[in-house]
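Throughout, protein chains are lettered first and strands after them, A, B, ... in sequence-line order, and every chain is numbered starting at 1.
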Number of protein chains: 2
Amino acid sequence: MLSVAIERSAEDLDLLFGALADSTRRAIVERLGAGEATVTELAAPFPISLPAISRHLKVLEHAKLITRSQHGRWRGARLSPTSLAPAATWLAQQEQLWTERLDRLDDHLAQRTAAEPKRGRP
Amino acid sequence: MLSVAIERSAEDLDLLFGALADSTRRAIVERLGAGEATVTELAAPFPISLPAISRHLKVLEHAKLITRSQHGRWRGARLSPTSLAPAATWLAQQEQLWTERLDRLDDHLAQRTAAEPKRGRP
DNA sequence: GCAACACTTAACATGATGGTTAACTGTAGC
DNA sequence: GCTACAGTTAACCATCATGTTAAGTGTTGC
């Protein structure tokens with residue numbers, strides 16, 4: 001359907017991994033796993049100022065990891081469900097690629113040593 | 001055995017995700033999926049200088065994503081097989097946590113609407 | 001030994017990141 | 001309307017990241 005459906009751009013991954021490369025932001029994501037929360041709730045566990053939290057949220061939002069809402073004077077943050085997928089997919093692909101390669105290498109070595117058992121290593 | 005075996009510290013993840021938050025470094029990792037390579041080989045596809053590549057490799061090494069070797073005057077880089085696991089695990093945990101939560105939410109809502117079908121929303 | 005090669009290290013410029021405090025915006029509630 | 005509350009924006013600062021070029025290190029090969 002969409003011609004650019006698989007277009008997982010390098011920039012998206014930059015933003016995603018970049019957003020996750022900070023323990024405060026990861027903790028916020030973990031916290032949001034328990035459900036929507038307000039900024040003050042999210043800020044509570046951390047020893048940093050509200051503006052700092054506010055910017056972390058902006059980074060997460062920019063990476064499309066969270067969406068924001070407004071209830072009265074409270075502003076909520078919640079996870080966008082499939083947003084981690086691109087990162088997880090990239091990692092899975094890499095792991096698959098190199099385990100495949102290691103398997104092939106094992107096969108190759110097994111074959112080699114089976115075919116030429118007397119070959120010595122200098 | 002090791003008392004700190006499961007101690008996947010926040011710093012490790014900082015380094016891991018940080019290392020992956022750059023498209024050049026991700027490309028290098030992808031490239032290394034095909035096997036060990038020298039610095040010049042790794043540098044070839046990129047329009048940046050060798051020192052820049054050298055430092056990217058140092059970042060990857062520091063994040064324990066690659067190991068380095070020396071063959072004569074060539075210096076090789078190769079992937080360390082399980083190094084992506086902490087990142088993949090963290091992502092998997094998050095995805096599991098929040099899909100669980102969404103499931104519980106669904107159940108809850110289904111139960112609620114089943115039990116109190118006439119309840120209106122103000 | 002010495003020149004060429006394959007890098008790495010050093011020194012530097014520049015822009016991004018993560019934190020601060022102070023001031024601003026917008027909603028709630030009397 | 002005014003005050004308090006929840007949060008964002010602005011201005012600033014220190015540090016880190018990423019690139020550059022120039023110089024240094026160590027190995028090869030004649």
| task | Could you tell me the separation between the CD1 atom of A/Ile28 and the CG atom of A/Leu57, rounded to the nearest 0.5 Å? | result | 5.0 Å
| field | Qualifying residues under salt bridge (Lys or Arg N to Asp or Glu O under 4.0 Å), relative to A/Arg75, sequence neighbours excluded | value | none
| message | Any residue in residues 56-68 of chain B with a heavy atom nearer than 4.0 angstrom to DNA chain C? Just list them by number, or reply none. | response | B/Lys58, B/Arg68
| task | Would you please name every residue forming a side-chain contact (heavy atoms from CB on, under 4.5 Å) with A/Thr82, sequence neighbours left out? | result | none
| message | With salt bridge (Lys or Arg N to Asp or Glu O under 4.0 Å) as the rule and sequence neighbours excluded, what pairs involving residues 15-32 of chain A come up? | response | A/Arg26-B/Asp14
| field | Pairing residues for A/Val29 by the side-chain contact (heavy atoms from CB on, under 4.5 Å) criterion, not counting sequence neighbours | value | A/Leu60, A/Leu79, B/Trp90, B/Gln94, B/Trp98
| said: Considering only residues two or more places apart or on different chains, which pairs with a residue in residues 54-65 of chain B satisfy salt bridge (Lys or Arg N to Asp or Glu O under 4.0 Å)? | reply: none
Just list the side-chain donor-acceptor pairs under 3.5 Å for residues 32-39 of chain B, sequence neighbours left out, or say none.
unit_1  : atom_1 : unit_2  : atom_2 : d
B/Glu36 : OE1    : B/Arg78 : NH2    : 2.7
B/Glu36 : OE2    : B/Ser69 : OG     : 2.6
B/Glu36 : OE2    : B/His71 : NE2    : 3.2
B/Thr38 : OG1    : B/Glu41 : N      : 3.2

| message | Can you measure A/Leu15 atom CG to C/dA16 atom P for me and round it to whole angstrom units? | response | 13 Å
| Under 3.5 Å: donor-acceptor pair, side chain of B/Thr89, backbone of B/Ala85 | yes
| Within this structure, what is the CG-to-P distance between B/Asp14 and C/dT17, rounded to whole angstrom? | 15 Å
| query | Can you name the side-chain contact (heavy atoms from CB on, under 4.5 Å) partners of A/Ala52, sequence neighbours left out? | reply | A/Ile48, A/Ser49
| query | With a 4.5 Å heavy-atom cut-off, do B/Leu13 and B/Pro86 have their side chains touching? | reply | yes
| field | Residues in contact with DNA chain C, drawn from residues 19-32 of chain A - heavy-atom cutoff 4.0 Å | value | A/Asp22, A/Arg25
| said: Each nucleotide in nucleotides 20-28 of chain D should get exactly one letter: B, S or -. Can you fill that in based on protein heavy atoms under 4.0 Å? | reply: BBB----BS
